[in-house]
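Notes for the one structure printed next.
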Amino acid sequence: MDSPFLSAVAKGIASAGFRVARFEFTYMRARRDEGKKRPPDPGPVLSESWREVIRVLSGKDGAGSLVIGGKSMGGRIASMVADEASVGGLVCLGYPFHPPGRPDKLRVAHLEKLQTPALIVQGERDAFGTRDEIARYSLSKRISVVFLPDGDHSFKPRASSGRTEVQNLAEAVALVTAFLEEPSRGFPRSA
């Protein structure tokens, strides 16, 4: 939760006047505490972690006032609980549409019927799902996918592209804050 990527994004969103809360899945907290690399917890454990965070943050206004999301797997798990939790929106940064090198192992079935307004910010060369691959998926009309120029899974472009990681992160923050400011959370499907 305190990686340079997440810190930059959280700081940028907070600077725009939005409250940002970050949390770690249990297995990540154990990695930090034990200093040992551990595999992710099973999907149901990860989903329950998100449900608990939503319960804690919902307060008197309910989950409809929350926009949830995350980077990679954190965003994927958020996308899997968003509809059932009736949150107000979903933001996924570098969604893992499939494992790298395994475009046949898609993780999109639930995204075909997603009802929560969603923004997916993806690097154009993300090994977990490129622009060309994503164009072939049948995603819900409630999902907007926006691509960052020459970005990888963490939005970092190649030096030869003429773009910088700082530029792509700033653009990602601008896209997220525009999504948060939009009452209907309606964006074009992709850009």
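This is a predicted model, so every value here is computed, not measured. When reading the values below, keep in mind they use all heavy atoms of this one structure, side chains included, and skip hydrogens, waters and symmetry mates.
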### Query
Taking the side chain as C-beta and beyond, is there a heavy-atom pair between L119 and V121 under 4.5 Å?
yes
### Over all atoms of both residues, closest heavy-atom pair of P103 and E133
CB-OE2, 3.9 Å
### Task
Could you walk me through whether V146 and I120 pass side-chain contact (heavy atoms from CB on, under 4.5 Å), step by step?
CA-CA 6 Å; V146 182; I120 297 176; over 6 Å; no
### Query
Mind checking whether F25 and Y27 have parallel, tilted or perpendicular rings, split at 30° and 60°?
parallel
### Task
Measure the spacing between OG of S47 and CD of E52 and express it to the nearest 0.5 Å.
13.5 Å
#### Entry: Charged N-O contact under 4.0 Å between R131 and E124
yes
### Carboxylate-amine/guanidinium contact D2 R32, below 4.0 Å
yes
### Query
How about T116 and V87: do any of their side-chain heavy atoms sit closer than 4.5 Å?
yes
#### Entry: Partner of E34 by salt bridge (Lys or Arg N to Asp or Glu O under 4.0 Å), out of K37, R31, R38
R38
### Task
May I ask you to decide whether E165 forms a salt bridge with R158, counting only side-chain N to carboxylate O separations under 4.0 Å?
no
### Query
Do S154 and K71 touch side chain to side chain, with heavy atoms closer than 4.5 Å?
yes
### Task
Over all heavy atoms of both residues, which pair between L114 and S140 is shortest? Give the atoms and the distance, please.
O-OG, 2.6 Å
#### Entry: Whether D83 side chain and Q115 backbone form a donor-acceptor pair below 3.5 Å
yes
### Query
Between L148 and A172, which heavy-atom pair has the shortest distance, and what is it?
CD1-CB, 4.0 Å
### Task
Check step by step if side-chain contact (heavy atoms from CB on, under 4.5 Å) holds for Y137 and I134.
CA-CA 5 Å; Y137 304 153; I134 296 166; 3.8 Å; yes
### Query
Any side-chain heavy atom of V173 within less than 4.5 Å of one from L169?
no
### Message
Quick one, R55 and R51 - any side-chain contact, counting heavy atoms below 4.5 Å?
### Response
yes
#### Entry: Full working for side-chain contact (heavy atoms from CB on, under 4.5 Å) between F23 and L57
CA-CA 11 Å; F23 79 98; L57 295 177; over 6 Å; no
### Query
Looking only at heavy atoms, which two atoms of P149 and P157 are closest? And how far apart?
O-CB, 4.0 Å
### Message
Test: ring-ring contact (aromatic ring centres under 6.0 Å, His included). Region: residues 116-136. Which pairs qualify, not counting sequence neighbours?
### Response
F128-H153
### Message
One pair to check against side-chain contact (heavy atoms from CB on, under 4.5 Å): E48 and V45. What are the steps and the verdict?
### Response
CA-CA 5 Å; E48 186 52 37; V45 173; 5.9 Å; no
### Query
What class does the angle between the rings of H110 and Y95 fall in, given that below 30° is parallel, 30 to 60° is tilted and above 60° is perpendicular?
tilted
### Message
If you apply the rule salt bridge (Lys or Arg N to Asp or Glu O under 4.0 Å), what do you find for R163 with D150, and how did you get there?
### Response
CA-CA 8 Å; R163 294 280 296 187; D150 202 58; over 6 Å; no
### Task
Rounded to the nearest 0.5 Å, what's the gap from CD1 on I68 to OG on S58? Could you check?
9.5 Å
### Query
When you measure from the side chain of W50 to the backbone N and O of S79, does any donor-acceptor pair fall under 3.5 Å?
no
### Task
For the residue pair R107 and F97, establish whether any side-chain heavy-atom pair is separated by less than 4.5 Å.
no
### Message
Does any part of the side chain of T130, heavy atoms only, come nearer than 4.5 Å to the side chain of R125, both counted from C-beta?
### Response
no
#### Entry: Side chain to side chain, V67 and L90, heavy atoms closer than 4.5 Å
no
